[in-house]
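Working notes, structure below.
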There are 2 protein chains.
Amino acid sequence: MFEHDNDVVLSSRVRLARNIKDIPFPSIMKDSDAENVIDIVKKAVYSNEILSAQFIEYDMKNINPIERQSLVERHLISPDLAQNTKNGYALIKKDNTVSILINEEDHLRIQTIMKGLNIKEAWNVADKIDDLLEENINYAYNEKIGYLTSCPTNVGTGIRASVMVHLPALSITGQIGNILNSVVKIGIAVRGMYGEGTQSLGDIYQLSNQVTLGQREIEIIENLEGVVKQIINNERKARNDLFTIRRVQMEDRVGRAYGLISNARVLSTQEYMKLMSDVRLGAVLKIIDIDIKEIDELTTNIQPGNLQKILGKQIDPYERDIKRAEYVVQKIKG
Amino acid sequence: MFEHDNDVVLSSRVRLARNIKDIPFPSIMKDSDAENVIDIVKKAVYSNEILSAQFIEYDMKNINPIERQSLVERHLISPDLAQNTKNGYALIKKDNTVSILINEEDHLRIQTIMKGLNIKEAWNVADKIDDLLEENINYAYNEKIGYLTSCPTNVGTGIRASVMVHLPALSITGQIGNILNSVVKIGIAVRGMYGEGTQSLGDIYQLSNQVTLGQREIEIIENLEGVVKQIINNERKARNDLFTIRRVQMEDRVGRAYGLISNARVLSTQEYMKLMSDVRLGAVLKIIDIDIKEIDELTTNIQPGNLQKILGKQIDPYERDIKRAEYVVQKIKG
């Protein structure tokens with residue numbers, strides 16, 4: 001019924017951490033090493049028939065802060081890379097499904113991102129690109145432990161798979177705390193929308209594998225997928241219960257959020273996220289007639305960097321809240 | 001621009017307290033006296049060519065609680081009369097502009113109510129009916145002090161003129177406290193929507209004369225009217241300032257109130273009143289396109305008694321909040 005379970009899952013991501021043999025890790029390398037890394041990765045991409053025409057280059061020192069922030073908000077680069085305006089570099093596939101981040105915590109990170117629950121496909125694509133790059137890059141690799149990485153938590157497969165889930169009903173019914181605690185106990189990390197150190201906004205959580213060593217990639221993916229499927233079931237059951245037992249209250253809650261989001265004249269990102277959560281739930285439950293894909297697109301577009309990028313200029317926070325409200329009203333009301 | 005200043009003034013009322021000579025005041029009279037009072041007043045009305053065909057009778061003991069509550073909410077009878085299910089009686093003009101309340105605190109009270117700032121006209125009508133009744137009723141009257149009444153605060157003219165005003169901008173700008181205090185100091189009583197002992201809801205206040213003795217009726221009326229006109233000017237200035245200086249915030253405030261009131265699924269009277277205040281202000285400022293007369297009609301109709309009367313049945317409070325929301329959405333959205 002829902003495309004790739006997108007009633008609950010916003011997106012799936014896989015990233016592989018890789019380093020180049022005989023070049024020091026980014027934390028201790030010289031600028032000339034960093035330049036060397038960029039050259040090696042670019043050559044590996046451009047010398048490959050399949051990859052060469054697909055990517056756009058983003059040199060962190062040459063793009064403005066709004067553009068960088070926008071890339072972070074669209075999950076195309078990491079916050080860390082955006083801050084590395086000295087040596088940070090990214091090659092991003094034109095359809096925004098693949099990013100090769102250069103000179104982040106590791107020499108390179110291959111990231112794939114797909115809508116809905118799609119980790120296996122994301123993994124397949126990342127794996128393929130990894131193979132194609134490996135034809136021309138000599139990775140730092142140890143037969144016994146696997147890929148060597150800057151941080152020990154990534155050693156081995158170097159894989160981190162993550163899934164962004166929207167869990168409003170588990171939040172309303174108060175089950176969220178217990179469920180996330182249990183998930184952590186079985187080796188799944190729970191984070192906010194922008195990864196480590198960020199808070200959950202709008203009942204959106206990022207679930208990812210903790211372990212990268214001692215398991216095959218496919219096992220890691222399948223383990224995460226299994227847990228996510230369980231959470232999807234929990235969330236759907238909670239939604240169904242709410243809609244059955246507390247229908248009027250749910251309609252009231254959704255109606256009010258919709259009323260505010262479509263009539264406010266000043267709207268912060270934080271308030272948007274809170275209201276969006278109820279509106280998205282209402283859309284899934286068919287209390288209101290809005291396409292959830294449009295809501296998700298809106299949620300991306302109203303983030304501070306993206307909004308400024310869309311408007312084509314830098315705007316101070318208060319003015320931004322006004323423009324955000326204007327943008328949301330226009331998109332939601334048609 | 002606004003009919004009878006109805007941007008600020010909801011309604012004007014005048015009531016005259018009268019008692020019949022040689023019958024004890026209601027607080028000490030016997031049931032047979034009360035019946036006698038009803039007979040005398042009815043005879044005075046029906047024997048008069050002008051009055052006889054205009055009134056409908058409401059015997060408090062014969063009408064149900066919802067009907068009584070509805071009459072109170074429409075300001076056609078007082079809460080006190082509604083509670084007197086033994087001897088309370090009312091004759092109400094078919095167009096709802098005149099009520100003759102029998103066996104309330106006084107034997108009879110003649111009340112006229114008109115929309116907007118219209119105290120003089122309300123006084124003229126009340127005065128005329130008073131004269132017509134006096135042709136057939138021997139009022140308790142003293143040459144020196146005037147009409148005798150049950151409570152000393154009404155002695156003399158027996159007149160109470162009151163005006164219902166909506167003061168959202170004075171409330172938002174924080175001036176309301178000072179202004180109402182000053183008004184009290186010059187002999188104007190400030191009360192909530194349903195008179196003595198009731199609180200202000202939705203920034204609606206009732207202003208009335210305190211003094212009934214030692215001044216002619218027209219002086220009392222003109223004094224009150226003068227004060228009200230001053231307050232109208234204050235409120236309009238505050239509205240204009242808000243709209244000029246804090247336009248976006250006002251649009252935001254009004255938009256949010258409109259968004260909630262037109263999308264809620266459960267709505268208490270109290271919350272309605274709060275939201276209505278912003279919506280009405282928005283309608284006056286042309287931020288939203290709603291006729292303020294329709295808002296005022298809605299404000300009357302959603303009161304608990306009126307709502308149950310419209311729906312034709314008794315409903316428990318929670319169900320009423322659902323029906324109220326339904327009714328409001330239907331009226332506001334078209």
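Since the structure is predicted, the reported quantities are computational estimates derived from the model, not experimental observations. Side chains are part of it too, since the values below use all heavy atoms of this structure and drop only hydrogens, waters and symmetry mates. In the text below, chain A, chain B and the rest are named by the order of the sequence lines, each starting its count at 1.
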Set of side-chain contact (heavy atoms from CB on, under 4.5 Å) partners for B:Arg247, sequence neighbours left out: B:Phe243, B:Glu251
side-chain contact (heavy atoms from CB on, under 4.5 Å) between B:Val248 and A:Tyr318, worked out: CA-CA 11 Å; B:Val248 170; A:Tyr318 180 68; 3.9 Å; yes
Residue A:Asn181 excluded, over 12 heavy atoms near CG under 6.0 Å: yes
Only pairs at least two apart or in different chains count here, so list each salt bridge (charged side-chain N to carboxylate O under 4.0 Å, His left out) that has a residue in residues 167-177 of chain B. none
Heavy-atom count check: over 12 atoms from other residues, nucleotides or ligands less than 6.0 Å from B:Asp289 CG? no
Contacts with chain B made by residues 261-270 of chain A (heavy-atom distance under 4.5 Å), listed by residue number: A:Asn263, A:Ala264, A:Arg265, A:Val266, A:Leu267
Test of understanding: with side-chain contact (heavy atoms from CB on, under 4.5 Å), list the residues that count as partners of B:Val190, not counting sequence neighbours. B:Leu180, B:Val183, B:Val184, B:Tyr205, B:Leu207
How about CD on A:Glu3, more than 12 heavy atoms from neighbouring residues, nucleotides or ligands closer than 6.0 Å, or not? no
